[in-house]
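Okay, so here's the structure we're looking at.
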Amino acid sequence: GAGVSQSPSNKVTEKGKDVELRCDPISGHTALYWYRQSLGQGLEFLIYFQGNSAPDKSGLPSDRFSAERTGGSVSTLTIQRTQQEDSAVYLCASSIGQGASEAFFGQGTRLTVV
Amino acid sequence: GNSVTQMEGPVTLSEEAFLTINCTYTATGYPSLFWYVQYPGEGLQLLLKATKADDKGSNKGFEATYRKETTSFHLEKGSVQVSDSAVYFCALSKGGSNYKLTFGKGTLLTVNP
């Protein structure tokens with residue numbers, strides 16, 4: 001597609017359930033990033049992929065969070081046993097190279113844990 | 001660690017008013033500095049950037065100057081338009097991990113006709 005596509009755009013889940021958030025990067029972009037925007041917080045870096053590898057996953061807040069990328073394309077962010085504090089907008093971005101300033105962002109997935 | 005502080009707003013202006021959104025940062029060395037904008041219903045977009053001290057980034061009438069001495073990167077526009085209504089984020093990235101952006105909390109700007 002023309003831009004970074006994220007699905008679903010909105011997700012409401014019950015506390016304790018697992019959720020999967022999907023990101024389709026721009027075709028040909030080797031780098032992919034996940035960020036989280038919580039109420040009252042700025043955007044927080046979660047994880048960075050180069051190809052299918054994640055050289056930096058330092059921003060993942062707990063071991064309930066994991067992400068993978070397959071075929072150097074689609075990425076899935078999985079949150080297990082969701083908690084209310086996981087409620088946030090999850091943003092995905094991609095870029096041709098490693099430079100953050102060249103990244104294109106998706107519109108995000110708004111996750112609400114009830 | 002690195003951090004970015006920006007005025008939280010919301011900021012409400014009349015069309016053609018002067019805009020300033022303050023941004024200061026904490027980082028070792030010489031980070032690159034950015035302003036991103038998020039229009040309603042759209043994804044984040046890079047607005048402008050500066051990579052070294054005294055550089056001025058500019059785009060769409062917006063400007064920001066990298067001030068090392070005051071660790072600041074304030075966003076300015078001389079005459080705002082209704083179409084500038086959006087959330088503005090100041091951000092930085094550092095050298096060896098230039099893929100990673102550290103963002104401020106964002107400032108909501110509303111411009112009234």
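Note that these values count all heavy atoms, side chains included, but never hydrogens, waters or copies made by symmetry. In this text, all values refer to a predicted model and were calculated from it rather than measured experimentally. Residue numbers start from 1 in every chain, and the chains themselves are labelled A, B, ... in the order their sequence lines are given, proteins ahead of strands.
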If Ile, Leu, Val, Met, Phe, Trp and Tyr residues are connected whenever their side-chain heavy atoms lie under 4.5 Å apart, and connections chain through other members, are A:Leu32 and A:Val89 in the same group? no
If I take atom NZ from residue B:Lys100 and atom CG from residue A:Leu46, how far apart are they, to the nearest 0.5 angstrom? 10.5 Å
Go through the steps for A:Phe45 and B:Phe103 under the test ring pair (Phe, Tyr, Trp, His ring centres under 6.0 Å), then give the verdict. CA-CA 9 Å; A:Phe45 168 84; B:Phe103 286 91; over 10 Å; no
Counting only heavy atoms not in A:Ile96, do more than 12 fall under 6.0 Å of its CD1? no
Measuring only between side-chain heavy atoms, which start at C-beta, is B:Thr102 closer than 4.5 Å to A:Leu43? no
Using atom types as modelled and distance alone, determine if a side-chain donor or acceptor of A:Tyr35 lies under 3.5 Å from a backbone N or O of B:Leu101. yes
Give a yes or no on whether A:Glu14 atom CD has more than 12 heavy-atom contacts from other residues, nucleotides or ligands under 6.0 Å away. no
Please determine whether the number of non-hydrogen atoms from other residues, nucleotides or ligands lying under 6.0 Å from atom NZ of B:Lys56 exceeds 12. no
Kindly indicate whether the side chain of B:Glu42, heavy atoms from C-beta on, has any atom under 4.5 Å from the side chain of A:Phe105. no
Structural part of A:Ser58 lying under 4.5 Å from a heavy atom of chain B: side chain
Go through the atoms of A:Gln50 and report whether side chain, backbone, both or neither lie under 4.5 Å from a heavy atom of chain B. neither
Transitively linked via ILVMFWY side-chain contacts under 4.5 Å: A:Val4 with A:Leu111? no
Please determine whether residues A:Val113 and A:Phe65 belong to a single hydrophobic cluster, defined as Ile, Leu, Val, Met, Phe, Trp and Tyr linked transitively by side-chain heavy-atom distances below 4.5 Å. yes
